[in-house]
Amino acid sequence: MPTEKQVYSRLIDLYEKNVFELSSDAILHFFQRVYVVNGNKKYVSMIATGMYLRYVKDFEGLVEKLEKKDFNLSESLKKKKRIGLRQKVRKGYYKNNSANHFFNRLLICLFYIKKFNLHKGSYQDSYEKAIKLLKNINFKKIYVNDEAIVKDSSYLFNSVVFLKLLGIDKDVEGQCIVRLQDIYLDEDFKIKKIVNDYEFQSLIYSLTHIIIAESRFYERMVRSHGWIIKYLMNNLEEIKKRVTFDILSEVAFCLRVTGQKNNYSPQYKALKKDLISMIKFNKLNKNIEYLKKKEHTNSILVLLFGEYTNFVKPANLAKNKLFNNQ
C-alpha cells in the first residue's frame, strides 16, 4: 500500500501528465486545490484559464439577467454533466425553481471572482452592481424550505455560505442549517428518519459542504461547526456503508480542516487507510476516462494527504493578461 506522501505525489503527477485531456472545469478544480497545498506558481496559468472559461466568461451576462430579473439559465450557461440520481433529482427541482439554479450559478461566480481578486479592475462595476442587486432579493423565500434543502443539498449550502461571505445575507445560512437539523437529526446526533441512499448521500454532502464552503474553499481552517463532526463520527459506520468514495474522502478531509483529527484519531487514521486502499492507481494510469471521472475525489485526496499546516493564499489574478484585455 502506498504511503500518504506517495499518494499525494502520484495523483498530482498523473493529472499533470494528462492535463490536455481535462476539461477547463477539471483543470481549475484540481490545480487550484494543488496550489493551495504547495503554492507552486506553475499552476497559476492553469487556474487563470479555468477561471476565465468556467466563471468569468459568462459573468457579465448573468449580471444583465439579474438586472432584468430573468432567472432562467440558457443552455450555454448550464453545467452539462452528471446523470446520477442525485443530479437527476436536482435537475428536476430546477425545472420548477429556476431562481435556485440561477442564484447558485451567480453566487459561485461572484465568490470566485472575489477569491482571485478579480472584483476590482475590469469586473468591478459588474461585481458591485450584482452585490447591490442581490441585497434586495428575499433569499429566505428561495432557500429556506425543506424541498430546496433536500433536493439541492450541497449546492444550496455552498450558496448560503457564499451569501454570508460576500456580505449579502448573513442570516439565511443559519436558517437553512436549522431546517436541515429539524429534517434529519435527533438530539443524540443520530439520523431520525429512514431515507434512501441518494438522500442519505445528499445529507452527508450537505454537511461536508457547510464546512468546506466555510473554509472559503480552502483558504482557512474552520473552528466552527463541531456539531457536524460529532454527527459524522456518531454515524461513521453507517456512512462508510452507504456513501461513495468521493463523499468518504470529504468526511476525512473535514476532520483535518476543522482540527478535529486528533480528537478522533483512531477514526481518522482508519478512514485514511480505507481511502488509500480504494485508490485504483492501475486504472488511473491506463484509463483516461476513469482518471477524468475521479478528478473530484482525487483533488480531495490531495488536500487530505498534502503536507501543510495552513493553506497558501489564493493566486492573485488581478494583473493576469487574460483578465486585462476585456
Side-chain angles (χ1 to χ4, degrees), residues 8-62 77 79 81 104-124 126-127 130 158 161-162 165-166 209 212-221 246 249-250 253 257 288 291-326:
Y8 167 82
S9 299
R10 287 168 70 177
L11 289 175
I12 294 173
D13 185 54
L14 272 169
Y15 284 93
E16 283 188 358
K17 285 179 179 176
N18 293 282
V19 67
F20 296 112
E21 301 286 345
L22 304 176
S23 67
S24 58
D25 282 16
I27 290 171
L28 174 62
H29 191 274
F30 188 84
F31 290 105
Q32 186 244 330
R33 285 148 181 77
V34 176
Y35 181 83
V36 301
V37 172
N38 64 27
N40 194 319
K41 300 293 185 186
K42 70 181 180 179
Y43 302 121
V44 173
S45 61
M46 298 181 192
I47 292 169
T49 301
M51 180 63 194
Y52 177 75
L53 293 173
R54 181 72 184 103
Y55 295 117
V56 174
K57 186 178 178 184
D58 296 323
F59 170 62
E60 291 180 331
L62 288 168
L77 294 177
K79 190 176 181 182
K81 70 174 188 176
N104 287 352
R105 176 67 178 154
L106 178 58
L107 288 167
I108 198 168
C109 286
L110 287 164
F111 172 78
Y112 275 107
I113 283 168
K114 185 176 182 182
K115 182 183 189 70
F116 294 114
N117 205 35
L118 294 172
H119 60 310
K120 300 171 183 177
S122 302
Y123 303 99
Q124 184 171 352
S126 295
Y127 177 88
N158 285 345
V161 175
F162 295 156
L165 297 177
L166 291 165
H209 272 259
I212 289 170
E214 188 65 37
S215 79
R216 296 179 183 157
F217 275 83
Y218 324 112
E219 285 186 45
R220 62 184 182 183
M221 298 299 171
D246 189 70
S249 67
E250 288 196 358
F253 174 71
V257 78
I288 190 64
L291 184 75
K292 290 192 284 187
K293 180 181 177 182
K294 289 297 178 184
E295 178 274 319
H296 185 279
T297 305
N298 290 332
S299 70
I300 296 294
L301 295 178
V302 166
L303 289 163
L304 180 62
F305 295 127
E307 294 181 342
Y308 60 95
T309 304
N310 293 303
F311 299 113
V312 176
K313 288 183 179 179
N316 185 345
L317 301 181
K319 294 182 180 179
N320 188 285
K321 290 187 212 177
L322 193 59
F323 305 102
N324 286 288
N325 295 319
Q326 307 306 312

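Only a predicted model underlies this, so the values are computations on that prediction, with no experimental measurement involved.
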Under the 3.5 angstrom rule, does the side chain of R54 hit a backbone N or O of A26 as a donor-acceptor pair?
->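 No: the side chain of R54 does not pair with the backbone of A26.
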In Å and rounded to the nearest 0.5 Å, what is the [atom1] to [atom2] distance from [X] to [Y]?
X    : Y    : atom1 : atom2 : answer
K120 : K114 : NZ    : NZ    : 9.5 Å
L322 : T49  : CG    : OG1   : 6.0 Å
N38  : R33  : CG    : CZ    : 14.0 Å
K294 : L301 : NZ    : CG    : 10.0 Å
L106 : Y55  : CG    : OH    : 12.5 Å

Using a strict cut-off of less than 4.0 Å between a Lys/Arg side-chain nitrogen and an Asp/Glu carboxylate oxygen, indicate whether K292 and E21 qualify as a salt bridge.
->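 Looking at K292 and E21, the cut-off is not met.
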Side chain to side chain contact (heavy atoms under 4.5 Å, CB included) between L118 and Y112: does it pass, once the steps are laid out?
-> CA-CA 8 Å; L118 294 172; Y112 275 107; over 6 Å; no
How far apart are the C-alpha atoms of H296 and E250, what are their side-chain angles, what is the distance that settles it, and do they pass the side chain to side chain contact (heavy atoms under 4.5 Å, CB included) test?
-> CA-CA 10 Å; H296 185 279; E250 288 196 358; 3.2 Å; yes
Please name all residues satisfying ring-ring contact (aromatic ring centres under 6.0 Å, His included) with Y218, sequence neighbours left out, ordered by chain then number.
->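 Once residues adjacent in sequence are excluded, the partners of Y218 under the ring-ring contact (aromatic ring centres under 6.0 Å, His included) criterion are F253.
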For F162, what residues pass the ring-ring contact (aromatic ring centres under 6.0 Å, His included) criterion, not counting sequence neighbours?
-> F111, F217
Measuring only between side-chain heavy atoms, which start at C-beta, is [X] closer than 4.5 Å to [Y]?
X    : Y    : answer
V257 : L303 : no
L110 : F59  : yes
L291 : I288 : yes
L28  : I47  : yes
M46  : Y15  : no
D58  : R105 : yes
I113 : F323 : no
K57  : Y52  : yes

Please step through side chain to side chain contact (heavy atoms under 4.5 Å, CB included) for the pair L317 and V44, ending with a clear verdict.
-> CA-CA 8 Å; L317 301 181; V44 173; 3.9 Å; yes
What is the minimum heavy-atom distance between A315 and F116, and which atoms define it?
->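 For A315 versus F116, the nearest heavy atoms are O-CD2, 3.2 Å.
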Check S122 against E60 and note the closest heavy-atom contact, atom names and distance.
-> O-OE2, 4.1 Å
Sequence neighbours excluded, which residues qualify as side chain to side chain donor-acceptor pair (under 3.5 Å) partners of N310?
-> none
Give the intermediate values and the outcome of side chain to side chain contact (heavy atoms under 4.5 Å, CB included) for residues V37 and Y8.
-> CA-CA 10 Å; V37 172; Y8 167 82; 3.7 Å; yes
Is the distance between the ring centroids of F31 and Y43 under 6.0 Å?
->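 Ring-ring flag for F31/Y43: true, centres closer than 6.0 Å.
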